[in-house]
Amino acid sequence: MKKIQTKIIIAVAVIAVIAVAVGLGFALNKKPAEEATTGTSAVATTEETPTVYINRLTGLDNLSPAAAGKRPVAVMINNIKASLPQYGIYDADIILETLVEGGITRMMALYGDYTKIPKICSVRSCRYYFPIFAHGFDAVYFCYGSNVTLGTPTLKRLGIDYFDGNQNGDPLVFGRDKERLQKYSREHTAYVDGTKIPELLKKYSVRTDYLDGKDVNVFSFRSSAKAVGDMVADTIKLPYSNSYYTTFTYNTKTKTYYKTHCGNPHMDTAKNKQLNFRNVFVLETTIGNYKGSALVEMDWTGGTGYYISCGKAQPITWKKADEASNFQFFDAEGKTLQVNPGKSYIGVIRKDVTKITQNQTNG
């Protein structure tokens, strides 16, 4: 009987020792609550920040990775009334408009992401000051024909990369819109297929990287949009001639300026959207006729003007130091102009004709 009791006591003692040992081992291997929490926090802080690619023409982070560090593209746009409406221009980041012969205007559309350019129509011919403006952006230049007196010599003298649908019009990108051929005069039907431009540039070994010093924002962009200046600017009218004028009306909801062409909404028929811009630049300069001909000649080196955004306008001065330099803009105090991020319109126009007014209502 005593032997049985002794065995029971020993067994109980062994179980107790094992239990203590297991409990001690568990306690030694368990992380303190503070240490466990710290470990979880460390994992959370190691998440990678997404890479942002800034569009140099707008200051917005909507550039595709494939276009980072790559040159923009400039395309000449037919703007005569008989050619309207155009398509492919709503996607442009900057549109520059100015006078050509006959009192009409022509536009140059600039696209900051050469991998996301749509089909564009109608495309028209070069006038000498447009490639000079494009050169400042280090853009690849597209046109359909060129004035032989000043346009073609300027293209060759500048040595810029350009494609002319009449001279080296590779059918990969150049063509005639078949539907428009049935309704429009032939000169209003030329297109550039922007979706094929990357392939075209590779085919002809055209440089796609920016030149040194050009991979920078074209304006000194603010971090976010805000009203500028003290002058209320609900409506802006740019009378380029007696028959051609551009008007902008401020929309308080979108905080952009909606463009009209000679009194009618300026539409992109592919998008069925009216052109509108965060920024409107009015660049005033001397514009006349070249040696008494119908050709337009202008001083592209600088002048005065206005910067208009978010319902307000301010006087500015502007300059372009040489053919290869881009625009520089300065406020009334001579400081570098601060520009709101977004799409921009640049109108180069004669002095003292622009009208900026305040409306009773807008929106």
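The residues of the chain are indexed from 1 along the displayed sequence. These values consider heavy atoms only, across backbone and side chains, with no hydrogens, waters or symmetry-generated copies.
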Quiz prompt | Nearest-0.5 Å distance, OG of residue Ser64 to CG of residue Asn62 | solution = 9.0 Å
Quiz item: When Tyr87 is tested against each of Asp268, Asp177, Thr269, Asn272 for side-chain hydrogen bond (donor to acceptor under 3.5 Å, both in side chains), which residue passes?
Solution: Asp177
Quiz item: If every non-hydrogen atom of Asp164 is compared with every non-hydrogen atom of Gly145, which pair is closest and at what distance?
Solution: OD1-N, 2.6 Å
Self-check item: Beyond-backbone contact of Lys116 with Asp91, side-chain heavy atoms, under 4.5 angstrom
Solution: no
Exercise. Please assess Asp299 against Thr286 for the test side chain to side chain donor-acceptor pair (under 3.5 Å), listing each intermediate value before the final yes or no.
Key: CA-CA 6 Å; Asp299 179 4; Thr286 301; 5.1 Å; no
Quiz item: So, Ser309 side chain and Arg278 main chain: donor-acceptor pair closer than 3.5 Å or not?
Solution: yes
Practice problem: Please lay out, stage by stage, how Thr285 and Trp318 fare under the test side chain to side chain contact (heavy atoms under 4.5 Å, CB included). | Solution: CA-CA 10 Å; Thr285 190; Trp318 66 278; 3.9 Å; yes
Exercise. Could you walk me through whether Thr189 and Arg176 pass side chain to side chain donor-acceptor pair (under 3.5 Å), step by step?
Key: CA-CA 5 Å; Thr189 63; Arg176 297 281 180 181; 3.3 Å; yes
Quiz item: With distance as the sole test, does Lys319 use its side chain to make a donor-acceptor pair with the main-chain N or O of Phe330 at under 3.5 Å?
Solution: no
Quiz item: Roughly how far apart are Leu283 CG and Ile349 CD1, rounded to 0.5 Å?
Solution: 10.0 Å
Quiz item: After noting the C-alpha distance and the side-chain angles of Phe281 and Phe329, does the key distance pass the ring pair (Phe, Tyr, Trp, His ring centres under 6.0 Å) rule?
Solution: CA-CA 10 Å; Phe281 291 86; Phe329 301 100; 4.7 Å; yes
Quiz item: Applying the side-chain hydrogen bond (donor to acceptor under 3.5 Å, both in side chains) test to His266, which of Gln86, Lys273, Gln274 qualifies?
Solution: Gln86
Quiz item: Any side-chain heavy-atom pair from Leu99 and Arg106 closer than 4.5 angstrom?
Solution: no
Exercise. Would you check, one step at a time, whether the test side chain to side chain contact (heavy atoms under 4.5 Å, CB included) holds for Ser122 with Tyr184?
Key: CA-CA 11 Å; Ser122 71; Tyr184 292 81; over 6 Å; no
Quiz item: Going from CG on Asp193 to CZ on Phe174, what distance comes out if it is rounded to the nearest 0.5 angstrom?
Solution: 11.0 Å
Quiz item: Counting N and O atoms only, with roles assigned by atom type, does the side chain of Thr58 sit under 3.5 Å from a partner on the main chain of Leu60, one being a donor and the other an acceptor?
Solution: yes
Quiz item: So, do His188 and Ile80 sit near enough that their side-chain heavy atoms are less than 4.5 Å apart?
Solution: yes
Practice problem: Assess whether atom CG of Asn242 is packed by more than 12 heavy atoms of other residues, nucleotides or ligands within 6.0 Å. | Solution: no
Quiz item: With no hydrogens and no angle check, is any side-chain donor or acceptor of Asn251 less than 3.5 Å from a backbone partner on Lys255?
Solution: no
Quiz item: Phe219 ring centre to Arg56 NZ or CZ under 6.0 Å, with the angle to the axis within 45°?
Solution: no
Quiz item: Does Asn279 reach the main-chain N or O of Asn340 with its side chain, forming a donor-acceptor pair under 3.5 Å?
Solution: yes
Self-check item: Distance, nearest 0.5 Å, that separates SG of Cys121 from CZ of Arg180
Solution: 4.0 Å
Quiz item: Under 3.5 Å, is there a donor-acceptor pair between the side chain of Tyr111 and the main chain of Gly194?
Solution: no
Exercise. Over all heavy atoms of both residues, which pair between Thr195 and Pro198 is shortest? Give the atoms and the distance, please.
Key: O-CD, 3.8 Å
Quiz prompt | Minimum side-chain heavy-atom gap Thr247-Ile236 below 4.5 Å | solution = no
Quiz item: Are Lys343 and Tyr90 in a cation-pi setup, meaning NZ or CZ lies under 6.0 angstrom from the ring centre and within 45 degrees of the ring axis?
Solution: yes
Quiz item: Within 45° of the axis and under 6.0 Å from the centre of the six-membered ring of Phe130, does NZ or CZ of Arg127 qualify?
Solution: no
Quiz prompt | Val348 and Phe133, any side-chain heavy atoms less than 4.5 Å apart | solution = yes
Quiz item: Counting distance only, does the side-chain N/O of Asp331 pair as donor-acceptor with the main-chain N or O of Gly334 below 3.5 Å?
Solution: yes
Quiz item: Would a distance-only check, ignoring hydrogens and angles, find a side-chain to backbone donor-acceptor pair under 3.5 Å from Asp234 to Gln358?
Solution: no
Quiz prompt | Among Thr246, Asn79, Thr98, side-chain hydrogen bond (donor to acceptor under 3.5 Å, both in side chains) partner for Thr105 | solution = Asn79
Practice problem: Go through the steps for Tyr345 and Tyr257 under the test ring pair (Phe, Tyr, Trp, His ring centres under 6.0 Å), then give the verdict. | Solution: CA-CA 9 Å; Tyr345 170 93; Tyr257 284 90; over 10 Å; no
Quiz prompt | Derivation of the side chain to side chain contact (heavy atoms under 4.5 Å, CB included) call for Asn147 and Tyr128 | solution = CA-CA 8 Å; Asn147 168 259; Tyr128 83 95; over 6 Å; no
Quiz item: Would you find more than 12 non-hydrogen atoms of other residues, nucleotides or ligands less than 6.0 Å from Lys119 atom NZ?
Solution: yes
Quiz item: Is there side-chain contact between Ile346 and Phe327, with heavy atoms separated by less than 4.5 Å?
Solution: yes
Practice problem: Could you give me the CA-CA distance, side-chain angles and deciding distance for Phe163 and Tyr204, then say whether ring pair (Phe, Tyr, Trp, His ring centres under 6.0 Å) is met? | Solution: CA-CA 11 Å; Phe163 292 88; Tyr204 290 95; 5.7 Å; yes
Exercise. Please test Asp93 against Asn55 for side chain to side chain donor-acceptor pair (under 3.5 Å), starting from the C-alpha separation and ending with a verdict.
Key: CA-CA 9 Å; Asp93 296 306; Asn55 185 328; 3.2 Å; yes
Quiz item: Does any N or O in the side chain of Arg222 come within less than 3.5 Å of the main-chain N or O of Ser224, such that one atom is a donor and the other an acceptor?
Solution: no
Quiz item: What's the shortest heavy-atom distance between Asp138 and Tyr210, and which atoms?
Solution: OD2-CA, 3.5 Å
Self-check item: NZ or CZ of Lys312 within 45° of Tyr307 ring axis and under 6.0 Å
Solution: no
Quiz item: Would you find more than 12 non-hydrogen atoms of other residues, nucleotides or ligands less than 6.0 Å from Lys351 atom NZ?
Solution: no
Quiz prompt | Shortest non-hydrogen contact between Val123 and Ile120, atoms and distance | solution = CG2-O, 3.6 Å
Quiz item: Taking atom CG of Leu150 and atom CG of Leu155, what is their separation to the nearest 0.5 Å?
Solution: 11.0 Å
Quiz item: Short question: side chain of Ser146, backbone of Ser125 - any donor-acceptor pair under 3.5 Å?
Solution: no
Quiz item: Taking C-beta and beyond as the side chain, do His261 and Lys81 meet within less than 4.5 Å on heavy atoms?
Solution: yes
Practice problem: Would you indicate whether the side-chain heavy atoms of Leu337 and Gln314 approach each other to under 4.5 Å? | Solution: yes
Exercise. First locate atom NZ of Lys70, then atom CZ of Arg207, and finally report the distance between them rounded to the nearest 0.5 Å.
Key: 10.5 Å
Exercise. Please report the C-alpha distance between Leu172 and Lys196 in whole Å, then the side-chain angles of each, then the deciding distance to 0.1 Å, and finally whether the side chain to side chain contact (heavy atoms under 4.5 Å, CB included) criterion is met.
Key: CA-CA 7 Å; Leu172 179 65; Lys196 300 296 181 62; 4.1 Å; yes
